[in-house]
Amino acid sequence: MDVRVWTGSDDELRRAADVYAAVFAEPPYHDDPDRSRATFLDRVRNRRETRPDFRLVLALEEGAVIGLAFGTGIAEGDWWRDRIVPQLDARTRDDWFGDEAFVIEELAVAGAHRRRGIAQGLMHALLDDVPYMTAVLSAYADAESAQLFYLRQGWTPFATGLRIGDSPELCLYGRRLVGPVRE
């Protein structure tokens, strides 16, 4: 198995979108695979052009994409700044977001390849040397396996019970990073 940064290949991106769609069609998400695939492709392409420090890492086995993770720096006008941060108290905002933070937008490993350390490898590669002091992510409150994974990896839960419109309940996690700080 190889974990590496996405090369920019459209073929790799389409294969990553297929993994993403399959994973998020499963419980507790139950997303429509065609819609998920299209949304994933649009989000990655948009983030690549508009967000600071965009990263997409892929796990490949014998040339097949079996997992992915992507994240960016939080930018003004994005989902986190507009919808999540205002729901937090001032101390939590300052502790986890300050002026900047890196957000893990997605982490997905194909069902047949789970429990082999792939998600951990993806997370490590994604966060390697990002120029932020903190990283944050969200998880559905009923996504118990994901939450247990984040806890085992040293993520700290810092907010629960959040909702965006009609979304399922979200839990927020953060992690202190040791990477370089922007000057």
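Just so you know, these numbers use all the heavy atoms, side chains as well, and skip hydrogens, waters and symmetry mates.
- For the residue pair Asp78 and Gly73, the shortest heavy atom distance occurs at OD2-O, 4.4 Å.
- Note: Thr72 OG1 to Arg43 CZ = 10.0 Å, rounded to the nearest 0.5 Å.
- Heavy-atom neighbours of Arg4 CZ from other residues, nucleotides or ligands within 6.0 Å: above the threshold of 12.
- With rounding to the nearest 0.5 angstrom, the CG atom of Leu137 is 8.5 Å from the CG atom of Leu107.
- Atom CZ in Phe54 sits 8.5 Å away from atom CD in Glu105 (nearest 0.5 Å).
- Summarising the geometry of Tyr132 relative to Pro52, their closest heavy-atom pair is OH-CB, 3.9 Å, with the distance given to 0.1 Å.
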Assess whether side-chain contact (heavy atoms from CB on, under 4.5 Å) is satisfied between Trp155 and Ile104, documenting all intermediate values.
-> CA-CA 12 Å; Trp155 290 81; Ile104 309 302; 3.8 Å; yes

Side-chain donor-acceptor contacts of residues 156-176 below 3.5 Å, not counting sequence neighbours, with atom names and distances?
unit_1 : atom_1 : unit_2 : atom_2 : d
Arg163 : NH1    : Ser167 : O      : 3.0
Ser167 : OG     : Ile164 : N      : 2.9
Ser167 : OG     : Ile164 : O      : 3.2
Glu169 : OE2    : Gly161 : N      : 3.4
Tyr173 : OH     : Gln147 : OE1    : 2.7
Arg176 : NH1    : Asp95  : O      : 2.8

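- Side-chain heavy atoms closer than 4.5 Å link hydrophobic residues (I, L, V, M, F, W, Y) into clusters, and following such links, possibly through other members, connects Trp80 to Trp96.
- Judged purely by atom type and a 3.5 angstrom limit, Arg55 uses its side chain to pair as donor or acceptor with the backbone of Asp128.
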CA sep, side-chain torsions, deciding dist, call: Asp18, Arg14, salt bridge (charged side-chain N to carboxylate O under 4.0 Å, His left out) = CA-CA 6 Å; Asp18 290 342; Arg14 282 190 298 275; over 6 Å; no

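- Connection of Val85 to Met133 is not established within any shared hydrophobic cluster, with ILVMFWY side chains joined at heavy-atom distances below 4.5 Å, either directly or through further cluster members.
- The hydrophobic cluster containing Val23 does not contain Met1, counting ILVMFWY residues as joined when their side-chain heavy atoms lie under 4.5 angstrom apart, directly or transitively.
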Any chance you could lay out the side-chain contact (heavy atoms from CB on, under 4.5 Å) test for Tyr20 and Phe70, step after step, and finish with the verdict?
-> CA-CA 11 Å; Tyr20 177 85; Phe70 86 84; 5.9 Å; no

Val5 vs Leu58, side-chain contact (heavy atoms from CB on, under 4.5 Å): CA-CA, chis, key distance, verdict | CA-CA 6 Å; Val5 174; Leu58 304 173; over 6 Å; no

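- Residues Val57 and Val19 do not share a hydrophobic cluster, defined by chaining ILVMFWY side chains whose heavy atoms lie under 4.5 Å apart.
- Atoms OG1 and CZ, on Thr39 and Phe24 in that order, are 12.0 Å from each other to the nearest 0.5 Å.
- Taking both residues in full, the closest heavy atoms of Val3 and Ala59 are given as CG2-CB, 4.1 Å, listed atom of the first, atom of the second, then distance.
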With a 3.5 Å cut-off and sequence neighbours excluded, list the donor-acceptor pairs that the side chains of residues 113-126 form with protein atoms.
unit_1 : atom_1 : unit_2 : atom_2 : d
His113 : ND1    : Arg116 : NH1    : 2.8
Arg114 : NE     : Val109 : O      : 2.9
Arg114 : NH1    : Glu26  : OE1    : 3.0
Arg114 : NH2    : Glu26  : OE1    : 3.0
Arg114 : NH2    : Glu26  : OE2    : 3.3
Arg114 : NH2    : Val109 : O      : 3.1
Arg116 : NH2    : Glu61  : OE2    : 2.5

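- Atom OG1 of Thr134 and atom CZ of Phe97 lie 7.5 Å apart (nearest 0.5 Å).
- The two residues Ala16 and Val65 have their closest heavy-atom pair at CA-CG1, 3.9 Å.
- Scanning all heavy atoms of the two residues, the minimum distance from Tyr29 to Ala146 falls at OH-CB, 4.3 Å.
- A search for salt bridge (Lys or Arg N to Asp or Glu O under 4.0 Å) contacts involving Arg81 returns Glu76, not counting sequence neighbours.
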Applying side-chain contact (heavy atoms from CB on, under 4.5 Å), run through Trp79 and Ile74 and close with a yes or a no.
-> CA-CA 9 Å; Trp79 185 82; Ile74 295 174; over 6 Å; no

When you look at Arg91 and Asp94, which way does the salt bridge (charged side-chain N to carboxylate O under 4.0 Å, His left out) test go after all the steps?
-> CA-CA 5 Å; Arg91 182 180 177 145; Asp94 291 345; over 6 Å; no

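- Here Ser138 contributes atom OG and Tyr150 contributes atom OH; the two are 8.0 Å apart, rounded to the nearest 0.5 Å.
- Panel note: side chain Glu12, backbone Gly8; no donor-acceptor pair is recorded below 3.5 Å.
- Using a 4.5 Å cut-off between side-chain heavy atoms of Ile, Leu, Val, Met, Phe, Trp and Tyr, with links allowed through other members, Leu177 and Val103 fall into different hydrophobic clusters.
- When every heavy atom of Ser36 is checked against every heavy atom of Ala21, the shortest pair comes out as CB-CA, 4.1 Å.
- Within the 4.5 Å cutoff, no side-chain heavy atoms of Arg93 are placed close to those of Asp89.
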